[in-house]
Amino acid sequence: MNAPFKTAAALGSDAGKQPAPDHQVAVIGLGYIGLPTAALLASYGWSVCGVDVSQKVVDTVNAGGVHIEERDLDALVRDAITAKTLVATTEVPTASFYMIAVPTPLGEGNAPDISYVEAAARAIAPKILPGACVIVESTSPVGTTERVAAIIAEARPDLTVPRGGGTEEADIALAYCPERVLPGRIVNELVHNDRVIGGVTPACAERAAALYTSFVKGDCLTTTARVAETVKLVENSFRDVNIAFANELSMIADTIGVDVWEVIRLANRHPRVNILQPGPGVGGHCIAVDPWFLVAGAPESARLVRTAREVNDHKAVHTENKIRALLEAAPQGEVALLGLAFKPDIDDFRESPALEIAEALAETHGERILVVEPFAEDLPTCLAGTGARLVTLDAALRTAEIVVVLVDHTAFKHLAPEDLAGRLVFDTRGMLRR
Ligand code: SAJ
């Protein structure tokens with residue numbers, strides 16, 4: 001198709017402007033999404049420059065190492081560094097594609113903080129050449145891609161920057177393409193999941209799609225930037241709302257005295273019912289955060305989404321209170337807390353309800369807490385000095401009178417009824433029933 005933005009070659013000859021180089025990608029932010037994406041692009045023949053503000057991260061990657069645990073990532077990075085198709089730096093280079101994969105945390109009052117995305121846009125602006133394409137991957141409130149366009153337009157009056165709804169020719173392209181990969185399966189899902197690619201204009205979406213179709217085996221579906229931004233928030237809100245239903249059911253079941261796991265197991269035998277699993281609350285940097293971005297965009301309308309967040313946050317308090325009751329029931333006993341991660345078989349403790357519960361309990365009962373977490377070498381800082389101890393599962397089972405399953409790590413799944421006989425047991429994940 002004829003792109004309404006000017007191609008690099010055209011600009012190089014007829015506009016007298018130097019065009020963006022071909023086949024070079026700059027990935028801004030070498031975290032859980034940026035680093036796997038950068039290494040994967042490198043393995044698909046792109047010349048990739050990974051950019052991070054942390055010199056330590058840059059040095060680790062340039063040495064062929066990784067600073068995060070993720071299946072298959074270490075080999076991918078090592079191979080790309082050895083092949084010199086990936087290099088890391090703290091400075092944004094000139095490239096044909098810029099991919100922004102920086103954090104978008106929650107600020108005051110659960111308002112989205114897009115300052116890292118804005119900083120990335122400011123760093124890209126002086127380097128960008130005609131024909132280049134900027135893609136935002138960070139989970140963002142609706143309108144963020146247009147904000148990036150505005151920042152670049154302000155810094156570069158010499159360039160024609162595309163505007164929302166516009167179709168006129170532009171010097172650069174801008175798009176939003178949300179990551180949707182599951183921690184623990186990132187490398188596989190980067191290749192196999194479908195992608196939603198939203199352009200500030202239709203031509204921008206096509207330009208960005210050229211990057212994704214080079215390595216994605218799923219479908220690459222194009223739309224507008226605002227729709228793509230909303231899609232991402234909706235996906236994670238959908239899951240949060242559904243987990244909130246399961247968590248609310250578990251609290252209702254506690255009140256009316258029925259076994260929630262049995263209720264869910266049997267209800268799910270209905271052909272159109274599929275209830276998710278209750279737990280100690282919802283964690284991670286995505287599902288526990290992103291719904292607030294949707295709420296911030298339409299606070300009056302987003303009542304169910306807000307309530308789901310509140311229900312899931314409250315589930316952690318409910319769980320903590322149930323453990324406190326067990327501590328009172330066995331006043332001299334130690335409690336073994338199994339797991340601190342936000343979900344099974346990962347080393348990620350961000351927004352983890354298990355960690356939050358352990359921290360709250362340690363404030364009052366530190367000396368009685370035995371933490372078992374195969375993915376931690378040391379106690380997290382918030383537990384250090386509280387009296388809580390990090391021990392092996394075997395050591396915990398030697399003395400603990402109370403056993404609480406907070407995370408259903410595979411390493412705990414061999415626990416048998418005889419291992420727990422004579423103890424007070426609270427299984428927040430239903431692991432022991434499976
Ligand atoms: N959880 C439950 N019960 C369940 C399922 C999950 O309590 O039945 C809890 C988990 O224990 C965890 C939290 O929810 O604390 C989130 O875990 P998750 O596995 O549902 O999701 P994440 O945060 O690892 O990844 C999600 C994914 N989004 C969706 O499934 C819609 C992933 O595809 C996204 O890319 C990712 O968020 C992200 O980065 O946004």
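Start at 1 and go down the list; that is how both ligands and their atoms are numbered.
A donor-acceptor contact under 3.5 angstrom links the side chains of Ser115 and Asp113, judged on distance only. Thr364 and Arg324 are linked by a side-chain donor-acceptor pair at a separation below 3.5 angstrom, with hydrogens and angles left out of the test.
Within a 6.0 Å sphere centred on CZ of Phe245, other residues, nucleotides and ligands contribute 12 heavy atoms or fewer. Counting non-hydrogen atoms of other residues, nucleotides and ligands closer than 6.0 Å to CZ of Phe426 gives a total above 12.
The protein heavy atom nearest to atom 39 (O) of ligand 1 is Glu179 OE2, 2.5 Å. Protein heavy atom at the shortest distance from atom 17 (O) of ligand 1 is Lys343 CD, 3.8 Å. At the shortest separation from atom 3 (N) of ligand 1 among protein heavy atoms lies Gln277 O, 2.7 Å. Among protein heavy atoms, the minimum distance from atom 34 (C) of ligand 1 is reached at Val181 O, 3.5 Å. The nearest protein atom to atom 9 (C) of ligand 1, hydrogens excluded, is given as Ile243 CD1, 4.0 Å; this is a heavy-atom distance. Among all non-hydrogen protein atoms, the one lying nearest atom 30 (O) of ligand 1 is Arg239 CD, 3.1 Å. Remark: minimum distance from atom 38 (C) of ligand 1 to any protein heavy atom is reached at Cys286 SG, 2.8 Å. Counting protein heavy atoms only, atom 13 (C) of ligand 1 is closest to Gly283 O, 3.6 Å.
At least one side-chain heavy atom of Lys127 sits less than 4.5 Å from a side-chain heavy atom of Tyr98.
A cation-pi arrangement, defined by a distance under 6.0 Å to the six-membered ring centre and an angle within 45 degrees of its axis, is present between Arg207 and Phe97.
Here's the thing with Asn236: one of its N/O atoms is less than 3.5 angstrom from an N/O atom of ligand 1. Geometrically, ligand 1 and Thr139 share no nitrogen or oxygen pair separated by less than 3.5 Å. Of the N or O atoms in Ile287, none lie within a sub-3.5 Å distance of an N or O in ligand 1. Considering backbone and side-chain atoms together, Leu182 places no N or O closer than 3.5 Å to any N or O of ligand 1. Polar contact check, Val282 against ligand 1: no nitrogen or oxygen pair lies under 3.5 Å apart.
Close approach of ligand 1 to Pro183 (heavy-atom distance below 4.0 Å) involves ligand atoms 24 (O), 25 (O). Close contacts of ligand 1 with Glu235, meaning ligand atoms under 4.0 Å from a residue heavy atom, involve 31 (C).
Within the structure, side-chain hydrogen bond (donor to acceptor under 3.5 Å, both in side chains) pairs that include any residue of residues 61-82 do not occur (at least two apart or interchain).
With His409 as the partner, the side chain to side chain donor-acceptor pair (under 3.5 Å) test is satisfied by one option alone out of Arg429, Glu373, Lys343: Glu373. Just one residue in the list Glu179, Glu189, Glu137 forms a salt bridge (charged side-chain N to carboxylate O under 4.0 Å, His left out) with Arg195, and that residue is Glu137.
Of the heavy atoms in Arg429, only side-chain atoms (C-beta onward) come closer than 4.0 Å to ligand 1.
Between Ala336 and Ala396, the shortest heavy-atom distance links the atoms CB-CB, 3.9 Å. Between Val191 and Tyr44 the shortest heavy-atom distance is CG1-OH, 4.0 Å.
The closest approach between Lys232 and ligand 1 falls below 4.0 Å for a heavy atom of the residue. Within the 4.0 Å heavy-atom shell around ligand 1 one does not find Gly284.
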